[in-house]
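For reference, the structure is listed below as structure tokens.
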Amino acid sequence: MSKWPIGVFTSVDAGLGVHLDVAEELKVPTVQIHAPHQATRNQATADAFLERCSAAGITVTAVFGGFDGESYADIPTTVRTVGLVPEETRAARVQEMKEISDFAKLLGCDTVALHIGFVPEDRSSASYTGLIEVTRDLLDHVAANGQRLNLETGQETADHLLEFISDVERDNLFINFDPANMILYGTGDPIEALKKVGHLVRSVHCKDGTWAAEGKRGIDWGAEVPLGDGDVGMETYLRTLKEIGYEGPLTIEREIPEDRERQKADIGQAVRLLEELRERIG
């Protein structure tokens, strides 16, 4: 695979990604996918999806987990409902992530990923130590499938994410870096964060956003916007990816599933921007 192949976030039958036909029309060579519904995480679904990908010259680079009951309605709701952090759903969601890892193996994909949730700040708390234990259990299952697990950035500062990964003590735990999420959640400057965690970055999103109002960062959402229209600074972002030695896919994520034509237009614009920057930066 050449340096910085462009990709999109797509879906089989669940999640916010574009449908595969949009990826086919845009002629992108890579996709990350949302895991399908539990009932369709099977060999037949994997074979059919891979057949379409093969016909279009598309490689699946990561399979993302998501769970029923998660809500991103506002930041407090996200804290309460997302990922493996909520204790009442933790065991069931870890089991589901193991099943998603098994589905990724059917696709021949060596990377699974997720938002783990807002990792507790208190590293001595029972919630934190319990999260460490289940993450290790999940990583051991993922490793048995010949895979790594990438944690999506945004819900922790770069420093706290590094602390958590160090505490887990597994060599197949890495980072999916999303610069816009740092802005949307108000957890830190994305370029500074990327430089801190760059040695662990194994996949990235190309997504843009604008900060919440001063004094509201981390309390209210920032806004996701088309690539190049926000506060990330896409040229600086790509130059920093080059600086840290990242040469993998540039996966575009645009979360407006209710409007297919706008989604396609925004992603098409993002593809053109990334192609231009890739040519310029090299």
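- The pair Asp102-Lys98 fails the salt-bridge criterion, with no side-chain N (NZ, NE, NH1 or NH2) lying under 4.0 Å from an Asp/Glu carboxylate O.
- Using a 3.5 Å distance cut-off with no hydrogens or angles, the side chains of Ser127 and Glu87 do pair a donor with an acceptor.
- Judged purely by atom type and a 3.5 angstrom limit, Thr10 has no side-chain atom pairing as donor or acceptor with the backbone of Val31.
- Using a 3.5 Å distance cut-off with no hydrogens or angles, the side chains of His34 and Asp13 do not pair a donor with an acceptor.
- In terms of modelled atom types and a separation under 3.5 Å, the side chain of Arg52 and the main chain of Leu20 share no donor-acceptor contact.
- The closest donor-acceptor contact from the side chain of Arg239 to the backbone of Ile281 lies at 3.5 Å or more, if one exists at all.
- Under the 4.5 Å side-chain criterion, counting only non-hydrogen atoms from C-beta, Glu224 is not in contact with Asp208.
- Within 6.0 Å of atom NZ in Lys3, more than 12 heavy atoms from other residues, nucleotides or ligands are found, so the atom counts as buried in its surroundings.
- Remark: the Asp122 side chain and the Ser124 side chain contain an N/O donor-acceptor pair separated by less than 3.5 Å.
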What verdict does the ring pair (Phe, Tyr, Trp, His ring centres under 6.0 Å) test give for Phe177 and His205, after you've listed the backbone C-alpha separation in whole Å, the side-chain angles of each residue and the deciding distance to 0.1 Å?
CA-CA 6 Å; Phe177 194 87; His205 285 163; over 10 Å; no
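- Under the 4.5 Å side-chain contact rule for hydrophobic residues, Leu227 and Val225 do not share a cluster.
- Rounding to the nearest 0.5 Å gives a distance of 10.5 Å between OH of Tyr237 and NZ of Lys207.
- Note that CG of Leu151 and CD1 of Ile116 are 5.0 Å apart. Values are rounded to the nearest 0.5 Å.
- Between the side chain of Asn42 and the main chain of Ala39, a donor-acceptor pair closer than 3.5 Å is present.
- At least one donor-acceptor pair closer than 3.5 Å links the side chain of Arg41 to the backbone N or O of Pro36.
- In this structure, Asn145 contributes its side chain and Lys105 its backbone to no donor-acceptor pair below 3.5 Å.
- A distance of 11.5 Å separates CZ of Arg80 from OG1 of Thr89, quoted to the nearest 0.5 Å.
- Not a single donor-acceptor pair under 3.5 Å links the side chain of Arg254 to the backbone N or O of Gln263.
- A donor-acceptor contact under 3.5 angstrom links the side chains of Glu152 and Asn181, judged on distance only.
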Before giving the answer on side-chain hydrogen bond (donor to acceptor under 3.5 Å, both in side chains), spell out for Thr210 and Asp231 the whole-Å C-alpha distance, their side-chain angles and the decisive distance to 0.1 Å.
CA-CA 5 Å; Thr210 56; Asp231 294 326; 5.0 Å; no
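- For the residue pair Val85 and Pro120, the shortest heavy atom distance occurs at CG1-CD, 4.3 Å.
- A distance of 8.5 Å separates CG in Asp74 from CG in Asp220, rounded to the nearest 0.5 Å.
- Side-chain contact between Phe64 and Ile33 is absent, with no heavy atoms from C-beta onward closer than 4.5 Å.
- Under the 3.5 Å distance criterion, the side-chain polar atoms of Gln95 are left unmatched by any main-chain donor or acceptor of Ala92.
- Trp221 belongs to a hydrophobic cluster with Tyr72, Ile75, Val79, Val82, Phe118, Leu184, Tyr185, counting contacts under 4.5 Å between side-chain heavy atoms of Ile, Leu, Val, Met, Phe, Trp and Tyr, direct or through other members.
- Judged by distance alone, the side chains of Glu96 and Gln38 never bring a donor and an acceptor atom under 3.5 Å apart.
- Side-chain atoms of Gln147 come within 3.5 Å of backbone atoms of Ser101 as a donor-acceptor pair (strictly under, hydrogens ignored).
- When hydrophobic clusters are built by joining Ile, Leu, Val, Met, Phe, Trp and Tyr residues whose side-chain heavy atoms come closer than 4.5 Å, directly or via intermediates, Val271 is not grouped with Phe9.
- Salt-bridge check for Arg280 with Glu276: passed, with a basic side-chain N closer than 4.0 Å to an acidic carboxylate O.
- Rounded to the nearest 0.5 angstrom, Arg170 CZ and Thr135 OG1 are separated by 10.0 Å.
- The main-chain N or O of Ile175 is never found under 3.5 Å from a side-chain atom of Arg202 such that the two would form a donor-acceptor pair.
- Both Leu106 and Val112 belong to a common hydrophobic cluster when Ile, Leu, Val, Met, Phe, Trp and Tyr are linked at side-chain heavy-atom distances under 4.5 angstrom.
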